[in-house]
Protein chains: 4
Amino acid sequence: MAGSVNKVILVGNVGADPEIRRTQDGRPIANLRIATSETWRDRNSGERREKTEWHTVVVFNEGLCKVVEQYVKKGAKLYIEGQLQTRKWQDQQGQDRYSTEVVLQGFNSTLTMLDGRGDGGGASSGFGGGRGSSNNDYGDDYGAPSPSSAPSRGGGGGNFSRDLDDDIPF
Amino acid sequence: MAGSVNKVILVGNVGADPEIRRTQDGRPIANLRIATSETWRDRNSGERREKTEWHTVVVFNEGLCKVVEQYVKKGAKLYIEGQLQTRKWQDQQGQDRYSTEVVLQGFNSTLTMLDGRGDGGGASSGFGGGRGSSNNDYGDDYGAPSPSSAPSRGGGGGNFSRDLDDDIPF
Amino acid sequence: MAGSVNKVILVGNVGADPEIRRTQDGRPIANLRIATSETWRDRNSGERREKTEWHTVVVFNEGLCKVVEQYVKKGAKLYIEGQLQTRKWQDQQGQDRYSTEVVLQGFNSTLTMLDGRGDGGGASSGFGGGRGSSNNDYGDDYGAPSPSSAPSRGGGGGNFSRDLDDDIPF
Amino acid sequence: MAGSVNKVILVGNVGADPEIRRTQDGRPIANLRIATSETWRDRNSGERREKTEWHTVVVFNEGLCKVVEQYVKKGAKLYIEGQLQTRKWQDQQGQDRYSTEVVLQGFNSTLTMLDGRGDGGGASSGFGGGRGSSNNDYGDDYGAPSPSSAPSRGGGGGNFSRDLDDDIPF
DNA sequence: TTTT
DNA sequence: TTTT
């Protein structure tokens with residue numbers, strides 16, 4: 001379809017240490033549960049109320065998986081940018097079931113750590129100090145950034161020397 | 001939880017004419033199915049491939065429901081901004097099931113028509129010509145902000161008393 | 001124009017304590033400077049580089065101004081959702097100048113504190129514990145949230161009992 | 001800075017045919033002017049008002065530049081995702097001036113055509129028929145990911161060949 | 001079930 | 001002028 005957009009932005013806290021699985025061919029897949037919540041004041045009772053929403057986040061992007069593996073722990077606050085994806089599966093009775101997940105895969109996904117937690121052990125040094133990560137963090141160049149008055153910010157994402165495998169699963 | 005964000009942005013096409021239900025107390029709820037898709041070229045075969053994702057969108061916002069009711073038809077292209085929400089329900093076997101929907105409710109939701117289609121009957125004239133709608137557009141009047149239980153949300157842009165010259169700057 | 005969207009999303013740190021001004025008719029306007037930055041590794045030298053971008057944020061939304069006034073301090077990390085706006089003005093030579101700002105005004109703006117800082121003095125207790133604020137945080141009701149299978153999610157925007165004054169001053 | 005986000009999302013119409021320049025080393029840079037507008041009803045007079053905002057968009061991303069060059073014409077409706085960037089320059093009097101632009105550069109930028117306009121001449125056939133473009137669409141081949149300085153970024157959606165079972169029934 |  |  002021409003011109004469509006499918007984007008999810010979450011800022012929330014990770015409910016448990018992430019699970020990292022691997023595909024047969026060795027690529028990592030990270031699973032996260034992220035909570036967002038809203039609070040409001042009940043008009044009648046005047047009391048404060050809160051509603052928490054849990055999101056399943058699946059990270060196929062290999063670079064972001066590494067970040068998750070190394071830095072993301074239970075309780076970490078994350079900024080996530082991904083896509084909605086509904087997956088069909090069969091339960092034990094053979095009935096069709098559907099699960100909707102926030103998928104981080106490909107160029108337009110981001111995962112950024114918003115607090116210091118989960119960075120324990122100085123591990124984050126690999127990412128330049130405290131920074132959990134961001135998609136734009138794995139390897140670029142800016143050999144000769146725009147020489148003009150134009151903002152260089154460079155190749156933005158530039159030249160990935162690794163193999164991109166941010167492919168869609170099922 | 002402090003500081004969370006739950007946001008979904010979709011640009012896609014409506015798969016069928018929307019359904020409008022009403023709660024016991026008369027508030028409308030609109031249901032939409034929206035398709036987004038991605039295309040890419042297969043690395044091996046070189047052939048073009050496409051994957052379509054279907055999203056269930058539920059509109060609780062009363063103003064946006066009116067817009068949906070009047071202007072949104074099968075095939076319309078929409079910009080949607082809402083929140084992810086997973087709802088639990090029981091199937092006929094009494095088993096727990098979950099459905100994840102994009103919910104438009106409250107101040108931070110938007111629905112904007114991106115094409116002229118679905119505006120049949122000149123209905124859109126009520127929206128200032130060609131414009132299907134926008135959240136900040138159904139707002140009727142801010143002299144007497146909603147005293148009822150209905151989300152006023154209004155405000156949107158409010159009442160500009162100053163002089164504006166929005167000419168093309170530099 | 002039919003169907004347009006103008007949205008800015010920032011997560012960054014406040015560079016200095018906010019300034020709060022007031023219009024003649026007493027409405028508050030808050031000014032913030034927010035820094036975002038990107039880091040990358042230079043392809044040639046292999047060294048880490050960083051680029052910081054400074055954003056001027058102007059808060060017209062009265063509720064959000066209160067939040068800024070009470071909780072936002074230099075160094076605070078914020079999530080901001082607003083709109084781009086370019087303002088024309090004359091310098092001392094009478095020449096036209098333009099300034100582009102991120103404006104928080106009206107229903108579709110958000111400001112959320114992402115860290116505990118700036119919440120000093122237990123001030124944040126008014127916001128339900130640790131939470132700096134969010135737009136959806138000032139007072140709604142949902143007396144009898146949707147009784148059906150439909151997600152109530154309530155809160156969202158609901159019924160503002162206060163007077164909305166999210167208008168554009170300057 | 002750890003964990004920052006700088007994102008602009010625009011849906012609007014192109015005010016004039018884009019200008020394409022080239023850097024000394026031959027890389028293209030496209031400049032676009034995009035209009036967004038809001039309409040509202042004046043609280044006092046009850047009359048409809050409209051405010052148009054003009055945005056300067058600079059496309060450094062090479063793939064997106066090609067799309068702009070080939071498909072984007074005056075009047076086209078676009079979805080744009082980029083970053084805010086303020087550039088300093090000197091006017092003829094040697095005074096510092098600043099211009100804020102929406103920059104499309106790097107992995108997290110997107111440009112999608114939302115209408116058929118600008119696709120004249122069947123040019124769009126190269127993009128799979130009618131589709132103006134999308135960031136994840138100009139990338140053609142991922143068997144031989146870009147060896148050059150050009151952002152491969154590609155990947156986006158990439159090549160689905162593997163079998164995955166990501167069953168996360170939650 | 002949309003759209004191209 | 002922030003932050004890491």
Side-chain angles (χ1 to χ4, degrees), chain A residues 1-6 71 86 112-117 119 122-134 137, chain B residues 10-19 31-39 48-57 72-78 80 114-115 117-118, chain C residues 10-19 31-39 48-57 72-78 80 114-115 117-118, chain D residues 1-6 71 86 112-117 119 122-134 137:
Chain A
M1 178 197 322
S4 69
V5 173
N6 173 1
Y71 307 113
T86 298
T112 303
M113 299 189 69
L114 296 178
D115 57 12
R117 261 184 295 182
D119 291 11
S124 68
S125 66
F127 282 84
R131 173 174 220 168
S133 151
S134 164
D137 221 48
Chain B
L10 300 177
V11 174
N13 294 282
V14 177
D17 286 349
E19 301 168 27
N31 274 267
L32 298 167
R33 291 283 286 169
I34 294 187
T36 57
S37 74
E38 294 181 271
T39 58
R48 175 154 294 277
R49 301 194 56 182
E50 177 166 5
K51 180 173 186 295
T52 295
E53 191 70 37
W54 284 97
H55 310 272
T56 297
V57 175
V72 177
K73 304 293 175 211
K74 175 178 175 177
K77 174 159 286 190
L78 300 181
I80 286 279
L114 295 178
D115 55 12
R117 260 181 297 183
Chain C
L10 300 177
V11 174
N13 294 282
V14 177
D17 286 350
E19 300 169 28
N31 274 268
L32 298 167
R33 290 284 285 168
I34 295 187
T36 57
S37 76
E38 296 179 89
T39 58
R48 175 153 294 278
R49 301 193 57 183
E50 177 166 5
K51 181 172 186 298
T52 296
E53 191 70 36
W54 284 96
H55 310 271
T56 297
V57 174
V72 176
K73 305 292 176 210
K74 174 179 174 176
K77 174 159 285 189
L78 300 182
I80 287 278
L114 295 178
D115 56 11
R117 261 182 297 183
Chain D
M1 175 197 325
S4 70
V5 174
N6 173 1
Y71 307 113
T86 298
T112 304
M113 299 189 69
L114 296 178
D115 56 12
R117 263 184 293 182
D119 291 12
S124 69
S125 65
F127 283 83
R131 173 175 219 170
S133 150
S134 163
D137 216 55

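Keep in mind that what you see is a predicted model, and the values were worked out from it rather than measured. In what follows, chains carry the letters A, B, and so on, assigned in the order in which the sequence lines appear, proteins first and then strands, with residues in each chain numbered from 1.
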| query | Between atom NZ in B/Lys74 and atom P in E/dT3, what is the gap in whole Å? | reply | 7 Å
| For the pair made of CZ in B/Arg49 and P in E/dT4, what is the distance, rounded to whole Å? | 22 Å
| request: For D/Met113 and E/dT4, give me the distance from atom CE to atom P, rounded to whole Å. | output: 13 Å
| CG/A/Asn6 to CD/B/Glu38 distance, rounded to the nearest 0.5 angstrom? | 7.0 Å
| query | How many Å lie between NZ on B/Lys73 and C1' on E/dT3, as a whole number? | reply | 19 Å
| message | Between C1' on E/dT1 and NE2 on B/His55, what's the gap in Å once rounded to a whole number? | response | 13 Å
| task | Examine the base of E/dT2 for any acceptor or donor lying under 3.5 Å from a partner atom in the side chain of B/Thr52, and report the outcome as yes or no. | result | yes
| C/Glu50 and C/Arg48 ion-paired at < 4.0 Å | no
| task | Choose from E/dT1, E/dT4, F/dT3 the nucleotide whose nearest atom is closest to any side-chain atom of B/Glu50. | result | E/dT4
| query | Partners of C/Thr56 by side-chain contact (heavy atoms from CB on, under 4.5 Å), sequence neighbours excluded? | reply | C/Asn31, C/Arg33, C/Val58, C/Glu101
| query | In whole Å, what is the span from the CD atom of C/Glu19 to the P atom of F/dT1? | reply | 14 Å
| Between atom NZ of C/Lys74 and atom CG of C/Leu32, what is the distance when rounded to the nearest 0.5 Å? | 14.0 Å
| message | Rounded to whole Å, how long is the line connecting atom CG of A/Asp115 with atom C1' of F/dT3? | response | 13 Å
| Shortest side-chain distance from B/Ala35, nucleotide among E/dT1, E/dT2, F/dT2 | E/dT2
| said: By a 5.5 angstrom centroid cut-off and a 30 degree plane limit, is there stacking between C/Trp54 and F/dT2? | reply: no
| For atom CG of C/Leu78 and atom P of F/dT3, their distance in whole Å | 12 Å
